[in-house]
Amino acid sequence: MKKLFLFFLFPLSTLFLLPSAAQGKDKSLQSLFILGGELSNSAATSLSDIDEVMPRMAALGLNTVLVPAYWDLIEPTEGQFDFSLVDRVILRAREHQLKVIFLWFGVWKNSMSCYAPLWFKQDTKRFPRAMTHIGKPLEIASAFSEDVFQADCRAFTRFMRHLAEADPAQATVIMIQIENEIGMLEDARDHSPLAERVFRQPIPERLIPVLRKSGKGQLANGKSLNSRSTWQSVATADPYWDEQFMAWHYASYVERLAQVARSIMPHMPLYVNAAMNSRGRKPGEYPSAGPLAHLAPIWRCAAPSVDILAPDIYDTGFKAWAAQYALPDNPLFIPESRCCINSGVRAIYTFGEHHALGFSPFAIDQAPASETQHVSKAYALLSQLQPYLKASHTSWGLLFDQQDRERIITDGNTVLTCRHFFTLPWDPRATDGSTWPEGGATIIRLAPGEYLLAGSGVVVDFKTKSEKAQEQQSKLGEDGFAEAGNDSPSGSPATTFSGRRLGIGFVDEVKIAPDGTMTTLRRDGGDQSHQGRHARISVGDYRILHIKLYEY
């Protein structure tokens, strides 16, 4: 097992610093502020679907809709193209002041070749399938077939040319996803005859330094990578080695498509998305070899024209998944996340903590109002915060649940103790046995001692460093005061208080205009701030608070 650890212990913070990764970048990426929603996979398969769904998405408060572009519907007969659905998406988006990100559902969607046209699927001799190690053919076209690539590429080229004509200034279409959740299933790599032939070929020389840097240059079998090494010659029983072989070739395939896109629309941002390798699964048990965090060096080396590697986050541990992709040369964009009651606070956290380019719940068109209302309320706040989030202000993101309920932020001499709202003693929902909904917020420092707090389900208090060091925790009753008989607060008793304290000058609920101008709606001067002890936003309530502190 030791040979598996070398790759994963390589610091993720350095994975994207390869020289080739900077190629193909465009400054327009930094201008993106995507309050998105991805349509379910069949939501734009007819003109009537598109006509119905677009106004609903605008009403939810989205500014961007992620829409599949289906190869099988674009080229139902080989060589005959129909872009009527693409045109209708662009038309309806413009009518409702929405931007569009098209998802190229070409040869692969969620690993499978389910959106390839029927004429492609039926001709397995011309368009061969990937195979498992026992020779089982899969519903996955082989990445090693030039015929597969050329068929996919011809359709993608026509699609990009059509976009260049239909939206030449990129006024509506702002980004393209190439393929969808690429990855091998049932096996870590393709074992078809074409793949086996390539497996016997030398490892590309420009990849060898990447593998060495990531800990794969010296293998457990004692062999070292060199210019004569073939994939097969250094192969072991390690499924992660098979996965790296496959990752290189998937990424190389995507790079060829990305170069086509660049030749037609040079400034169009391009990204690929990854299905996560969660729950302890091994390669082949999850969609292997896609743009996963542990394969990022390989993808960056093979596909430098791709701007963003993006995570699709459906599993638990949202913060940890997001952090793996929020790296210096990989601005965070979450194109798919489970649509649920926590989607709103997760979006707010993502922008505040990682200065994300965007966030997008999946199948938002099918979600009930009990879930989408949280997205709408969160996006309404984020729209107001955009001038500050896009500026150079320092910001932090908060995201809490029943287990992870506190974060302490030190900002100069100010210590912010941030907690889930249900840590307060007086809300009965905190102790009724139900699962806590997540609480989340963005904190933006406007100036020393001045902050914006925006979100839902959080409480924040403010102390100087010396005051925090001398803090004693007392058990509070439901009214917020010390419980009767609680004579022994935790912490070391102080005989003399030293230093200065922080007080809350005011907590104002505000709304923010597009130019950043704040208007006060009300002042939380009494019970709403517990008489100046903290700033808080209750669970289910979405607000922006302007907080001014003072020392005494």
Side-chain angles (χ1 to χ4, degrees), residues 319 323 326 345 348-355 381-382 384-385 387-400 404-424 439-474 476 480 489-492 494 496-510 512 516 518 520 522-538 543-552:
K319 290 193 289 187
V345 294
I348 293 171
Y349 163 81
T350 300
F351 280 94
E353 182 71 7
H354 298 299
H355 297 276
L381 295 191
L382 287 166
Q384 296 179 66
L385 293 174
Y388 294 97
L389 288 169
K390 282 297 184 183
S392 57
H393 295 289
T394 299
S395 68
W396 301 267
L398 307 177
L399 190 62
F400 301 125
D404 179 10
R405 58 178 70 183
E406 179 180 282
R407 179 181 182 182
I408 296 175
I409 298 168
T410 300
D411 180 29
N413 192 43
T414 302
V415 180
L416 298 80
T417 302
C418 315
R419 299 186 178 96
H420 194 290
F421 180 80
F422 282 170
T423 59
L424 293 173
T442 285
I443 299 174
I444 301 172
R445 182 179 64 203
L446 302 180
E450 186 177 4
Y451 301 91
L452 289 176
L453 173 66
S456 176
V458 297
V459 56
V460 182
D461 69 43
F462 307 86
K463 291 180 171 64
T464 64
K465 282 185 177 179
S466 61
E467 181 183 5
K468 182 67 175 178
Q470 299 171 78
E471 180 182 50
Q472 297 182 54
Q473 296 291 337
S474 299
L476 303 181
S490 62
S492 302
T496 304
F497 181 86
S498 62
R500 297 174 65 81
R501 299 189 66 189
L502 274 180
I504 295 179
F506 61 78
V507 177
D508 288 346
E509 182 178 359
V510 299
I512 303 174
M518 284 188 281
T520 299
R522 60 187 57 83
R523 176 152 291 183
D524 286 359
D527 293 342
Q528 288 69 38
S529 63
H530 200 195
Q531 287 59 242
R533 292 177 175 87
H534 59 228
R536 71 176 190 261
I537 308 171
S538 62
R543 306 167 70 204
I544 303 174
L545 303 181
H546 179 208
I547 302 156
K548 182 70 174 177
L549 308 176
Y550 71 99
E551 283 193 11
Y552 64 95

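Reckoned from all heavy atoms, side chains included, excluding hydrogens, waters and symmetry mates.
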Side chains of H546 and T520 in contact at under 4.5 Å (non-hydrogen atoms): no
Partners passing side chain to side chain donor-acceptor pair (under 3.5 Å) against R536 (at least two apart in sequence or in another chain): H534
Qualifying residue for side-chain hydrogen bond (donor to acceptor under 3.5 Å, both in side chains) with T417, from R407, K468, K463: K468
I512 side chain reached by L452 side chain, heavy atoms, under 4.5 Å: yes
R500 versus T464, side-chain donor and acceptor atoms under 3.5 Å: no
Side chain to side chain donor-acceptor pair (under 3.5 Å) involving H354 - partner list, sequence neighbours excluded: none
pair V415-E467: side-chain heavy atoms closer than 4.5 Å: no
Under 3.5 Å side-chain donor-acceptor pair for H355 and S395: yes
V458 and F421, any side-chain heavy atoms less than 4.5 Å apart: no
Electrostatic pair D508:K548 at N-O distance under 4.0 angstrom: no
Point-to-point distance, once rounded to the nearest 0.5 Å, from SG of C418 to CD1 of I409: 4.0 Å
Side-chain heavy atoms of E353 within contact of L399, under 4.5 Å: no
Spatial distance of atom CG (D524) from atom CZ (F506) [nearest 0.5 Å]: 12.0 Å
Residue pair Y451 / T414, side-chain heavy-atom distance below 4.5 Å: yes
